[in-house]
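The structure appears right after this line, and notes come after that.
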Amino acid sequence: MAGPDLVKTVVYTINNILQQEKYKAALAVVKGFRNGAVLKDKLRAIVKATYQHSRNLAYFVFTYKGLQALQERIQGKSLPSQSFFAACLGGWLVFGENNNINSQINMYLLSRILFALSRLAVEKGIVPQPKRDPFPLFATLVWGIVLWLFEYHPHTLQPSLQSSMNYLYHDSNVWHDISDFLVYNKPRTVAPK
């Protein structure tokens with residue numbers, strides 16, 4: 001079994017390597033990978049967000065289906081506009097408050113809507129059928145634009161996205177020793193005695 005001197009020597013050697021400028025770029029890549037793979041301890045926030053998300057969906061479904069049934073009863077038949085108006089009112093009532101959960105849900109839906117409208121435009125002949133799969137170009141532009149915005153106009157991005165990107169792309173450039181390179185993202189502060 002390795003003795004304490006061997007462990008100290010290994011830790012000293014690793015910390016020495018971590019301080020060398022010539023390895024900084026490669027080590028930043030490794031720490032960035034580590035930051036992408038580590039799950040933060042945010043269980044309480046996740047549970048709260050999950051509850052708010054499911055509650056809002058339940059309220060929305062209740063509102064949407066209720067308004068659709070009411071319109072159908074009043075108009076005597078089902079019309080395509082009823083779905084739109086019921087969803088608009090439900091969206092305004094349930095998802096109209098600007099908070100983190102509603103923002104995430106609305107942005108998620110916007111991305112799905114844009115995909116669906118693109119497909120509908122092709123289906124209706126408004127846009128010609130692509131000769132190749134457009135998804136690689138889409139992914140290229142999405143990631144290129146979001147990282148350009150993050151690096152040069154971060155204030156334009158949603159705070160939670162800014163925070164995640166800081167963690168992945170900027171925090172991975174900073175470390176002091178093996179503890180904040182591999183175990184913790186930032187140096188641990190010792191509580192005052």
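None of these values were measured; they are calculated from a predicted model.
Note: Phe62 and Tyr59 fail the aromatic proximity criterion, with ring centroids not under 6.0 Å apart. Checked against a 6.0 Å centroid threshold, the rings of His155 and Phe150 do not count as neighbours.
Looking at Met107 and Gln158, their side chains come closer than 4.5 Å, going by heavy atoms from C-beta outward. Between Asn99 and Gln52 there is a side-chain heavy-atom pair separated by less than 4.5 Å. Using a 4.5 Å cut-off on side-chain heavy atoms (C-beta onward), Lys24 and Leu18 make no contact. Between Gln68 and Phe85 there is no side-chain heavy-atom pair separated by less than 4.5 Å. Looking at heavy atoms from C-beta onward, Val122 lies out of side-chain contact with Arg119 at the 4.5 angstrom threshold. Pro154 is not listed as a side-chain neighbour of Met165, based on a closest heavy-atom distance of 4.5 Å or more.
With hydrogens and angles left out, the side-chain atoms of Tyr51 and Arg55 include no donor and acceptor closer than 3.5 Å. Side-chain atoms of Asn166 and Gln162 form no donor-acceptor pair, as typed in the model, at a separation below 3.5 Å. A donor-acceptor contact under 3.5 angstrom links the side chains of Gln82 and Gln75, judged on distance only. With no hydrogens or angles considered, a side-chain donor-acceptor pair links Tyr64 and Ser83 at under 3.5 Å.
Relative ring orientation between Phe115 and Phe138 is described as perpendicular, the plane-to-plane angle rising above 60° on a 0-90° scale split at 30° and 60°.
Ile145 and Leu161 fall within the same hydrophobic cluster, defined by Ile, Leu, Val, Met, Phe, Trp and Tyr side-chain heavy atoms under 4.5 Å apart, directly or through other members.
To the nearest 0.5 Å, atom SG of residue Cys88 and atom CG of residue Leu67 are 11.0 Å apart. If you take CG on Asn16 and OG1 on Thr9, they are separated by 12.0 Å, rounding to the nearest 0.5 Å. A distance of 10.5 Å separates CG in Leu109 from CG in Asn102, rounded to the nearest 0.5 Å.
Around CG of Asn98, the count of heavy atoms belonging to other residues, nucleotides or ligands within 6.0 Å does not exceed 12.
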